Engineer: 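Got a structure for you, questions after.
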Amino acid sequence: MYTNRMNRLDSKSRAQIARTLCEGTSIRATARLCGCAINTVVKLLLEVGPACMDWHSEYVLNLNSMVVQVDEIWAFVGSKDKNTSAEKKAIGNGDCWTWTAIDADSKLMISWNVGLRDGVACRDFMEDLAYRLKNRIQLSSDGLGMYRDVVRLVFGKDVDYGQVIKVYGQDLSEEKRYSPAVCTSCSTSAVVGDPLESQISTSYVERQNLNIRMGCRRYTRLTNAFSKKVDNHRAAISLYFMFYNYCRPHQTLTQQSGPSGKRYPTTPAMASGLTDHVWTAEEMIAKVLGESN
């Protein structure tokens, strides 16, 4: 269990900072809104973020997931790859990819990995995903070629895996720098096992990419809010996913129940059977720091 401690903020102040960071607010704006120093926000992030990852690693296991979608989302640390020296790349600067895996039913963020877009990061990500699952799953990804070999290596034949293949046309307009290319065709392909064609999709995980860019300021394009250190980047995304899984009710999971038609807020962690209630930010921080049983 994570045991490091920063000089005390009260639990209400810590929770306010965590909530603000997870609602798409920058470090400086969070400091202004919460009435604290910038260094205080960074220190809390670096304390709670790794603790969230440790909690996730220890407790998010033996999941009953049946349909899982994976994808990668781009960001950068310090500077974009083309403007980063070899010395800076050696300490984690440059292009930075976050590999994500989401349960299509519970919307739980099962696994993530921050690193390069290469075979090593892909294998680490897939091994972590497989470690957390209890059942044979149907897995879907985009057409990234390295997935094919890595999925076979990690899962063997104990998976039903398909890819969504999208072909993009060249955008000749002046706005091509700021707009995605036009998708000219889309098809699905079974790679391993016997996946249901209707379930070969990356819609949920791609929608989650939008949530990440809206909820974690470091991923917002065309701003100066990008991460300056890779450790801060990992801490921020770990905090965001912990908050997303346990503290934020998901609209598609919140259903009417009982004759009164009352709606019961439901988080992805509740839908996955990991908890029976919506956590507050205070409860989340206390649990991951070992301050609550």
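As the structure is a computational prediction, the values presented were derived from the model and not from experiment. All values below come from the heavy atoms of this structure, side chains included, with hydrogens, waters and symmetry mates left out.
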Engineer: Run the side chain to side chain contact (heavy atoms under 4.5 Å, CB included) check on S111 and F125 step by step: do they pass?
Structural biologist: CA-CA 7 Å; S111 179; F125 168 62; 4.0 Å; yes

Engineer: Please tell me whether Y161 and S141 have a donor and an acceptor in their side chains that are separated by less than 3.5 angstrom.
Structural biologist: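 Checked: Y161/S141 side chains pair up, N/O donor to acceptor below 3.5 Å.
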
Engineer: With salt bridge (charged side-chain N to carboxylate O under 4.0 Å, His left out) as the criterion, how do E127 and R123 come out once you've worked through the C-alpha distance, each side chain's angles and the decisive distance to 0.1 Å?
Structural biologist: CA-CA 6 Å; E127 287 178 343; R123 180 171 177 176; 3.0 Å; yes

Engineer: Under a 3.5 Å threshold, yes or no: a donor from one side chain and an acceptor from the other, between R213 and T220?
Structural biologist: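 Absent: no donor and acceptor within the cut-off.
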
Engineer: How are the rings of Y147 and W99 set to each other: parallel, tilted or perpendicular (split at 30° and 60°)?
Structural biologist: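 Perpendicular, since the angle between the ring planes exceeds 60°.
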
Engineer: Does one side chain, of E23 or Y240, offer a donor that lies under 3.5 Å from an acceptor on the other?
Structural biologist: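 Distance-only check fails for E23 and Y240.
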
Engineer: Between N64 and K134, is any side-chain donor less than 3.5 angstrom from a side-chain acceptor?
Structural biologist: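 Distance-only check passes for N64 and K134.
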
Engineer: Please tell me if the side chains of I137 and M66 come closer than 4.5 Å, counting only heavy atoms from C-beta onward.
Structural biologist: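 A side-chain contact is absent here, since even the closest heavy-atom pair is not under 4.5 Å.
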
Engineer: Compare every heavy atom of E282 with every heavy atom of S11, then report the nearest pair and how far apart it is.
Structural biologist: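 What the structure gives for the nearest pair is O-CG, 3.7 Å.
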
Engineer: Is a side-chain donor or acceptor of Q69 paired with a backbone partner of Y204 at a separation under 3.5 angstrom?
Structural biologist: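 Side chain of Q69 to backbone of Y204, a donor-acceptor pair under 3.5 Å: yes, one is there.
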
Engineer: Is the distance from the ring center of W279 to that of W55 below 6.0 Å?
Structural biologist: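 Yes.
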
Engineer: What I want to find out is whether D160 reaches R136 closely enough, with some N-O distance under 4.0 Å, to be called a salt bridge.
Structural biologist: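 Salt bridge flag = yes for R136 with D160.
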
Engineer: Hey, does D54 have a side-chain heavy atom less than 4.5 Å from the side chain of V288?
Structural biologist: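 When only atoms from C-beta onward are counted, D54 and V288 do not touch, as no gap falls below 4.5 Å.
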
Engineer: Calculate, to the nearest 0.5 Å, the distance between atoms CD1 and CG belonging to I17 and L44 respectively.
Structural biologist: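 Reported value, rounded in 0.5 Å steps: 5.0 Å.
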
Engineer: Look at R14 together with E291 and state whether they make a salt bridge at an N to O cut-off of under 4.0 Å.
Structural biologist: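 So R14 pairs with E291 through a salt bridge.
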
Engineer: So does D81 pair up with K89, basic N to acidic O under 4.0 Å?
Structural biologist: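 Between K89 and D81 there is a salt bridge, with a charged N closer than 4.0 Å to a carboxylate O.
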
Engineer: Could you walk me through whether S140 and Q163 pass side chain to side chain contact (heavy atoms under 4.5 Å, CB included), step by step?
Structural biologist: CA-CA 6 Å; S140 298; Q163 286 187 325; over 6 Å; no

Engineer: Could you tell me the separation between the CD atom of E87 and the OG atom of S85, rounded to the nearest 0.5 Å?
Structural biologist: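 If we round to the nearest 0.5 Å, E87:CD and S85:OG are 4.5 Å apart.
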
Engineer: Salt bridge or not between K166 and E206? Use side-chain N to carboxylate O under 4.0 Å.
Structural biologist: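 Salt bridge present between K166 and E206.
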
Engineer: Looking only at side-chain N and O atoms, does D128 offer a donor or acceptor that is under 3.5 Å from a partner on N113?
Structural biologist: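 Absent: no donor and acceptor within the cut-off.
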
Engineer: Do the two ring centres, one from Y246 and one from H56, sit under 6.0 Å apart?
Structural biologist: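 So the answer is no for these two rings.
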
